[in-house]
Amino acid sequence: MLWLLVSAVFLWCAFREVRDSLVAPAGFELPRPIYKPYLAMTLSLAALFAWPPLHRWSFERFLSARATELAENHPARVHCNTLLDTLLDPEMLAGGHADPRTGKIFIQPPGCSTLRAYLSHPGSATPHDLWSLGLFTHESMHVRGERNEALTECEAVQRNYRAAKLLGVPDGIAKQNALDYYDSVYKRRRNLGPMQSQYFSEECAPGKSMDEHLSDSTWAELEVPSR
Ligand SMILES: [Zn+2]
């Protein structure tokens with residue numbers, strides 16, 4: 001918002017420069033010719049300050065539409081928090097949070113920028129990139145109606161393949177990314193202490209009780225281990 005206000009100030013300066021070239025400003029008898037370097041500078045600065053919030057807004061709209069699809073048409077609204085938003089957020093220590101009643105999803109920095117970076121190079125995704133994919137899918141599952149963290153995360157694990165494809169990742173890479181998330185990011189939670197282990201369950205595996213048997217599940221073609 002602050003950036004848009006600064007942009008508006010520079011836009012007003014540009015407008016005043018054009019207006020004064022058409023109508024004599026106060027204290028002058030004739031209109032003033034436009035000083036082109038000044039006009040170019042104010043317009044450039046207006047665009048420069050408007051770009052980050054508009055870019056974020058368009059990414060939020062994109063994520064909101066995809067989250068709504070993942071949440072099986074429960075309306076989702078994604079907000080990428082700025083640092084200031086996070087400082088004022090009562091859940092500032094969480095990577096993100098969502099309210100199943102309102103459909104609002106808040107993603108703390110650097111979640112959105114990491115997700116955007118991941119989408120630009122999904123073929124060489126790092127564990128941190130995969131974390132941002134999992135975070136997006138996890139919050140979408142809350143909007144779908146799940147509140148229990150272990151169940152929410154397992155639903156996300158099974159839908160990360162679908163989520164990556166919805167976000168535009170090519171099929172084969174989306175599958176590999178989703179499996180990598182399950183094998184590395186998810187399974188590591190088991191050993192990371194009580195805060196992380198609440199998101200983990202041994203039952204979240206092919207053929208176990210949390211398996212939803214989705215036709216496009218991340219682990220759809222994995223062999224069920226014999227017992
Ligand atoms: Zn959660």
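Counting starts at 1 for both ligands and their atoms, following the listed order.
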> Could you list all the disulfide (SG to SG under 2.5 Å) pairs where at least one residue sits in residues 86-165, not counting sequence neighbours?
C80-C112, C154-C204
> More than 12 non-hydrogen atoms from neighbouring residues, nucleotides or ligands closer than 6.0 Å to CZ on R189, yes or no?
yes
> Do you know how many protein N, O or S atoms are within a distance smaller than 2.8 Å of the Zn ion (ligand 1)?
4
> Side chains of residues 8-22: which donor-acceptor partners sit under 3.5 Å, not counting sequence neighbours?
{"from": "E17", "atom 1": "OE2", "to": "Y35", "atom 2": "N", "distance (Å)": "2.9"}
{"from": "D20", "atom 1": "OD2", "to": "R32", "atom 2": "NH2", "distance (Å)": "3.2"}
{"from": "S21", "atom 1": "OG", "to": "V18", "atom 2": "O", "distance (Å)": "2.6"}

> Does a side-chain heavy-atom distance below 4.5 Å link F106 with D85?
no
> Please determine if R159 and E212 form a salt bridge, counting it only when a charged side-chain N lies under 4.0 Å from a carboxylate O.
yes
> Using the test side chain to side chain donor-acceptor pair (under 3.5 Å), find all partners of N73 that sit at least two apart in sequence or belong to another chain.
none
